[in-house]
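Note sheet for the following structure.
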Amino acid sequence: MNQLQSLRGMVDILPTQSQQWHAVELAMREQFYRAGFQEIRTPLLEVTDLFLRSIGEATDVVGKEMYTFSDRGNRSCTLRPEGTASVVRAVLEHGLLNQGQQRLWYSGPMFRYERPQSGRQRQFHQIGVECLGMDSPLSDVEVISVAWDLLKSLGLKDLVLELNTLGTQEDRLTYRKQLIEWLQDRFELLDSDSKKRVEINPLRILDSKDPNTQALLLDAPTLGNFLCNESSERFTAVQLALKALEIPFKINPRLVRGLDYYCHTAFEITSSQLGSQATVCGGGRYDGLVRELGGTSTSGIGWAIGMERLMMLLGDSMSGGSSPDVYLVNRGDEAEKKALVLARRLRGERLAVQLDSSGGSFGKQFKRADRCGASWAIVIGDNEARSGQLRLKSLHRDRDSSNANEFIVPDSDWDILLTYLRS
RNA sequence: GCGGGCGUCGCCAAGUGGUUAAGGCAGCGGCUUGUGGCGCCGCCAUUCGGGGGUUCGAAUCCCCUCGCUCGCCCCA
């Protein structure tokens, strides 16, 4: 077929689904408002360097997944692959930290050039929060609880909170050294993917899917043993606070966030119902990022929820089309004009009004009125136009009963008309 | 980037070498140009993702290509 279609991995959200998106977004705004977060909106396009410096050049996101191109001024630009870097950039650019801590939320499309599959698209949507200038372990837990409660409030079940600590930069460096040594001693026993990673990204070998490698790793040194006092105390504090909030969690020592800027608390909320892309929410602490991007050392923590994955979990539990209150059946030149005017007036009264503008017999127009689920039909034909009357007909109730479902109202009697339509 | 599955009307589909490519839903028109939901009738793929080949003959076989989908890697 020569038919034009959307780019691979770019998905349309059709009217039947947009309803559910609105419902979810509304629920989220409400939660953010109550938790004291404010919205920030940043551009979709940023200077490539922002992501190189924040996410890390060795990561897959930067290495092979960015939509990068040169603009007409020959600047290297990138469609944002995630939200945190942009938010931090904006906060620094506008000096928001001079006004104290920041509790921000954002939402919008992100872009990653990957092979699409279930729960993964090239343009996808995230909604997330970023807190800057808050370094108590309690703030980790508060932020996690906002995500947890949010997902719970949408009626999701079977969620698992997975938790880990990545320690400080120094913790990881010493651990990394030890791990590389340990791996090099067993180099020949590793799978081919892991062999390539020994020097580049040894921590990720811990997450290898190869069963032999996994078996081997049972005896490998673990990051837990390399944590400094501050790191392990913090981790304990986080766990205690989660228990106090009665949020269940599972420690997953293999949970290593893919982006360089994470440290200390790392977490994911997963669902067994999502197939192989099980993470619906992921986040963690990133105390080094602000300085990395040129600000004064400031702690940060945040998370992001993948909207498409969330929608998959919700099924169609929150969908449901909207139908108009009134369908305006009209026929005849004079009647059409009156109907057009009436439609506007009723809309001014906050009623949802659909005007039949395709003409045809009354029978045809009623068919359409019925199909769109309107509660009321208002009929204006030649007779009504002449006599200054409106004919109302209830389309839902009283269909089979003997109750009257048709009423005649003078078009000058606005109050009676509205009373009917709102009943 | 690498594997597996699949591609027949807007949607769900039958059809696996032989004259006009079933059927259902949706849509449109009519019975009914002053009244909907039911019913009945009619219309709705010169064409089977695209290109090439084999054959007297292909949606059906072969090759190439494009797309979708699931998985790997990685992430939300």
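Since we're looking at a predicted model, the values are computed, not measured. Chain identifiers are assigned alphabetically (A, B, ...) following the order of the sequence lines, protein sequences preceding nucleic acid strands; residue numbering begins at 1 within each chain.
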Using atom [atom1] of each nucleotide, how far apart are [N] and [M] to the nearest Å?
| N | M | atom1 | answer |
| --- | --- | --- | --- |
| B:U8 | B:U60 | P | 13 Å |
| B:A58 | B:G51 | P | 14 Å |
| B:G23 | B:A14 | C1' | 7 Å |
| B:U65 | B:G1 | P | 14 Å |
| B:A22 | B:G39 | C1' | 24 Å |
| B:A21 | B:A13 | C1' | 13 Å |
| B:G10 | B:C44 | P | 15 Å |
| B:G57 | B:G53 | P | 12 Å |

Please determine, by modelled atom types, if A:D158 and A:S271 share a side-chain donor-acceptor pair under 3.5 angstrom.
-> no
Please work out if [X] contacts a base, only the sugar-phosphate, or nothing of the nucleic acid, heavy-atom cut-off 4.0 Å.
| X | answer |
| --- | --- |
| A:A369 | nothing |
| A:G283 | nothing |
| A:R371 | sugar-phosphate |
| A:E308 | nothing |
| A:G282 | sugar-phosphate |
| A:K393 | base |
| A:Q277 | base |

What are the two closest non-hydrogen atoms of A:L163 and A:F267, and how far apart are they?
-> CD1-CB, 4.0 Å
What heavy-atom pair brings A:F124 and A:P81 nearest, and what distance separates the two atoms?
-> CZ-O, 4.0 Å
Specify the separation, in whole Å, of atom [atom1] of [X] and atom [atom2] of [N].
| X | N | atom1 | atom2 | result |
| --- | --- | --- | --- | --- |
| A:R391 | B:U35 | CZ | C1' | 9 Å |
| A:K367 | B:C28 | NZ | P | 9 Å |
| A:R8 | B:C68 | CZ | C1' | 8 Å |
| A:I378 | B:G34 | CD1 | C1' | 16 Å |
| A:R115 | B:C68 | CZ | P | 9 Å |

Determine: side-chain N/O of A:K364 to OP1/OP2 of B:G30, distance under 4.0 Å, yes or no.
-> yes
Apply side chain to side chain contact (heavy atoms under 4.5 Å, CB included) to the pair A:N405 and A:L392, showing each step before the final yes or no.
-> CA-CA 8 Å; A:N405 68 344; A:L392 312 201; over 6 Å; no
Lys/Arg N to Asp/Glu carboxylate O, A:E384 vs A:R391, below 4.0 Å | yes
